[in-house]
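Numbers for residues simply follow the sequence, beginning at 1. Keep in mind that this is a model prediction, so the values were computed, not measured.
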Amino acid sequence: MRQKIFPVFFLHRFIRFIFIILFLVYVWIPSKAQVVGEVLPQWTIGTLDIHHINTGKGNAAFAIFPDGTTMLIDAGSTTRSGPRVTSPRPDGTRTPGEWIVRYIRHMLAYESSPVLDYAMLTHFHGDHMGDLSPQSKTSKSGKYRLSGITKVGEDISIRTMLDRGWPEYDFPGSIKSETMDNYRAFLGWQREHGGMRVERFQPGRNDQIVLVRDPASYKDFQIQNIAANGEVWTGVGTNTRHHFPSLDEVFPGEQPSENMCSCAFRLSYGKFDYFTGGDLVGIPPEGVPLWHDVETPVAKAVGPVDVNVLNHHGYIDTENAFFVSTLRPRVHIIPVWAPSHPGSRVLNRLLSTRLYPGPRDIFATNMMEANKIVIGSNLEKLKSDQGHILVRVVPEGDTYHVIILDDSAETYKVVAVHGPYRSR
Ligand SMILES: [Zn+2]
């Protein structure tokens with residue numbers, strides 16, 4: 001009897017040992033670290049990924065939330081060209097909208113039919129929504145033409161589309177252009193045939209953009225809507241304040257600009273906080289009323305964050321001293337497409353330890369040689385000046401890396417890994 005019992009006992013231990021090894025391999029493979037020179041390891045459950053995609057033609061940020069909920073923030077495709085605009089990335093053989101679609105599909109390769117649970121336009125400028133050009137192709141339905149957001153939505157189903165104007169598109173005045181008419185035709189067709197829901201982005205709310213796959217497992221994830229159309233969250237409950245005066249009290253030449261109306265939000269995951277606010281303005285031109293500074297009330301609502309995406313590409317009218325010293329980010333991200341991104345004094349403020357103490361790392365998607373010549377040594381302090389910028393936050397949000405991906409081809413190779421940074 002004893003001779004039979006012992007082999008069975010060892011067999012059980014052996015099987016258990018094999019199971020433990022298989023489990024460790026299973027745990028280890030998905031959390032494989034990103035290594036310079038290798039392809040970016042795929043997103044895994046519990047991780048928060050925010051990709052700042054560089055097409056050279058405007059903003060596009062693609063996020064995979066901890067439960068797999070997906071969101072696109074802007075799909076820029078400016079038609080501006082010439083020496084004062086960055087070159088298309090990876091190259092000009094496809095439109096920016098096509099490159100964005102391919103990027104998203106690559107990152108969602110683990111899904112059999114990838115969808116965007118949310119897409120949001122911060123505001124209605126071509127470098128955020130996509131300009132139409134004579135070369136813009138027509139959709140399969142024939143009802144609209146394909147550029148930035150319309151190309152993305154044609155190829156990848158968008159479940160909820162958010163913007164600052166739905167459904168009237170009449171603030172601060174009627175928003176009319178060929179590109180807007182085309183966007184509205186896109187919304188109309190997608191609502192009727194694509195199952196898309198369209199909503200106006202509502203400042204103050206923290207339940208408009210939510211996890212839709214497994215919210216119960218990630219209760220410490222939240223998107224707090226901060227501002228749109230000059231309506232700014234107060235920081236209390238869902239209360240907001242109208243920062244702009246009543247428009248009938250405003251001189252015609254001093255009406256709020258499209259940039260000032262941008263949608264802004266703060267994303268939080270555990271201790272990690274991230275701010276993005278389209279092309280908000282914080283340093284108005286001389287002579288206009290002080291309420292043209294939208295950054296100041298926004299900063300009061302947002303408070304300190306770990307990662308800040310520069311407003312308006314870091315142009316001279318942004319990142320005012322109060323805003324920088326209030327958000328005091330560890331990481332700044334600059335979405336660049338022109339030699340004026342960032343302004344020289346903007347960069348001085350980002351680097352100023354008078355405005356806030358401690359280290360900070362600055363990353364730009366696409367710095368131009370012209371800018372390096374003009375700004376000089378301060379630009380050499382950037383941690384990266386070319387490539388897609390991925391912010392990858394670990395499960396529960398305690399730490400994060402900033403990973404630079406090669407934007408010269410679709411290899412999604414890791415060029416550099418910065419961090420880990422500790423969330424504050
Ligand atoms: Zn812009």
Side-chain angles (χ1 to χ4, degrees), residues 52 54 56 58-59 78 80 83-86 122-123 125 127-128 227 243 254 256-262 264 275-300 302-386 389 402:
H52 304 82
N54 181 32
N59 286 23
T78 179
R80 291 193 216 183
R84 299 199 69 249
V85 182
T86 50
T122 57
H123 64 298
H125 276 160
D127 60 320
H128 297 259
H243 180 64
E254 294 176 351
S257 66
E258 180 62 37
N259 287 344
M260 290 163 64
C261 294
S262 290
F275 173 78
T276 190
D279 283 359
L280 285 178
V281 175
I283 303 180
E286 290 72 14
V288 303
L290 288 178
W291 57 263
H292 278 237
D293 163 15
V294 190
E295 281 183 344
T296 296
V298 163
K300 287 176 185 167
V302 174
V305 297
D306 297 286
V307 177
N308 170 43
V309 180
L310 262 63
N311 297 320
H312 197 195
H313 321 277
Y315 186 64
I316 51 171
D317 58 359
T318 63
E319 304 298 312
N320 72 33
F322 181 80
F323 187 88
V324 173
S325 61
T326 304
L327 270 66
R328 48 186 61 225
R330 181 68 180 81
V331 167
H332 291 279
I333 293 172
I334 320 179
V336 173
W337 59 262
S340 49
H341 306 157
S344 174
R345 292 194 62 184
V346 173
L347 192 56
N348 288 351
R349 283 192 292 279
L350 300 188
L351 292 167
S352 167
T353 48
R354 283 200 198 101
L355 291 183
Y356 69 100
R360 73 283 320 260
D361 290 352
I362 306 172
F363 301 86
T365 54
N366 203 341
M367 200 52 61
M368 298 183 76
E369 283 308 313
N371 212 348
K372 291 179 186 170
I373 293 166
V374 172
I375 295 185
S377 59
N378 263 351
L379 268 189
E380 289 158 18
K381 294 177 184 160
L382 264 58
K383 290 288 175 185
S384 171
D385 62 12
Q386 187 72 50
I389 301 167
V402 176

Enquirer: Which residue pairs pass the salt bridge (Lys or Arg N to Asp or Glu O under 4.0 Å) test with at least one member in residues 276-298, sequence neighbours excluded?
Expert: none
Enquirer: Quick check: do Asn308 and Val331 have side-chain heavy atoms less than 4.5 Å from each other?
Expert: no
Enquirer: Are Val346 and Tyr315 close enough that some pair of their side-chain heavy atoms sits under 4.5 Å apart?
Expert: no
Enquirer: What I'd like to find out is whether the side chain of Met368 reaches to under 4.5 Å of the side chain of Pro339, using heavy atoms alone.
Expert: yes
Enquirer: Check whether any side-chain heavy atom of Phe323 sits under 4.5 Å from a side-chain heavy atom of Thr318, and report yes or no.
Expert: no
Enquirer: If you look only at distance, which donor and acceptor atoms sit under 3.5 Å apart when one is on a side chain in residues 376-383 and the other is two or more places apart or in another chain?
Expert:
unit_1 : atom_1 : unit_2 : atom_2 : d
Asn378 : OD1    : Lys381 : NZ     : 2.9
Asn378 : ND2    : Asn348 : OD1    : 2.8

Enquirer: Ignoring hydrogens and geometry, is there a side-chain-to-backbone donor-acceptor pair from His312 to Asn259 under 3.5 Å?
Expert: no
Enquirer: Determine whether Leu327 and Val302 make a side-chain contact, defined as any pair of heavy atoms from C-beta on separated by less than 4.5 Å.
Expert: yes
Enquirer: Please check if the side chain of Arg349 supplies one atom and the backbone of Leu355 the other of a donor-acceptor pair under 3.5 Å.
Expert: no
Enquirer: Side chain of Asp127, backbone of Thr78: donor and acceptor closer than 3.5 Å?
Expert: no
Enquirer: Using modelled atom types and a 3.5 Å cut-off, is there a donor and acceptor pairing between side-chain atoms of Thr365 and backbone atoms of Val336?
Expert: yes
Enquirer: Just so I know, are the side chains of Ile334 and Ile362 near enough to count as touching, which here means a heavy-atom distance under 4.5 Å?
Expert: yes
Enquirer: Between His313 and Asn59, is any pair of side-chain heavy atoms under 4.5 Å apart?
Expert: yes
Enquirer: Looking at Ile389, is its backbone amide N or carbonyl O close enough to the side chain of His52 to form a donor-acceptor pair, meaning the two atoms are under 3.5 Å apart?
Expert: yes
Enquirer: Quick check against the 3.5 Å criterion: does Arg345 have a side-chain atom that pairs as donor or acceptor with the backbone of Gly343?
Expert: no
Enquirer: Nearest 0.5 angstrom please: His128 NE2 to Ser262 OG, how far?
Expert: 6.5 Å
Enquirer: Would a distance-only check, ignoring hydrogens and angles, find a side-chain to backbone donor-acceptor pair under 3.5 Å from Glu319 to Asn311?
Expert: yes
Enquirer: Take atom CZ in Phe363; do more than 12 heavy atoms of anything else shown fall under 6.0 Å from it?
Expert: yes
Enquirer: Ring-plane angle category for Tyr356 and His332, please: parallel below 30°, perpendicular beyond 60°, tilted otherwise.
Expert: tilted
Enquirer: Under 3.5 Å, is there a donor-acceptor pair between the side chain of His292 and the main chain of Glu254?
Expert: yes
Enquirer: Taking the side chain from His341 and the backbone from Trp337, do they hold a donor-acceptor pair closer than 3.5 Å?
Expert: yes
Enquirer: Which pairs, with at least one residue in residues 324-344 and sequence neighbours excluded, count as a salt bridge (Lys or Arg N to Asp or Glu O under 4.0 Å)?
Expert: Arg330-Asp361
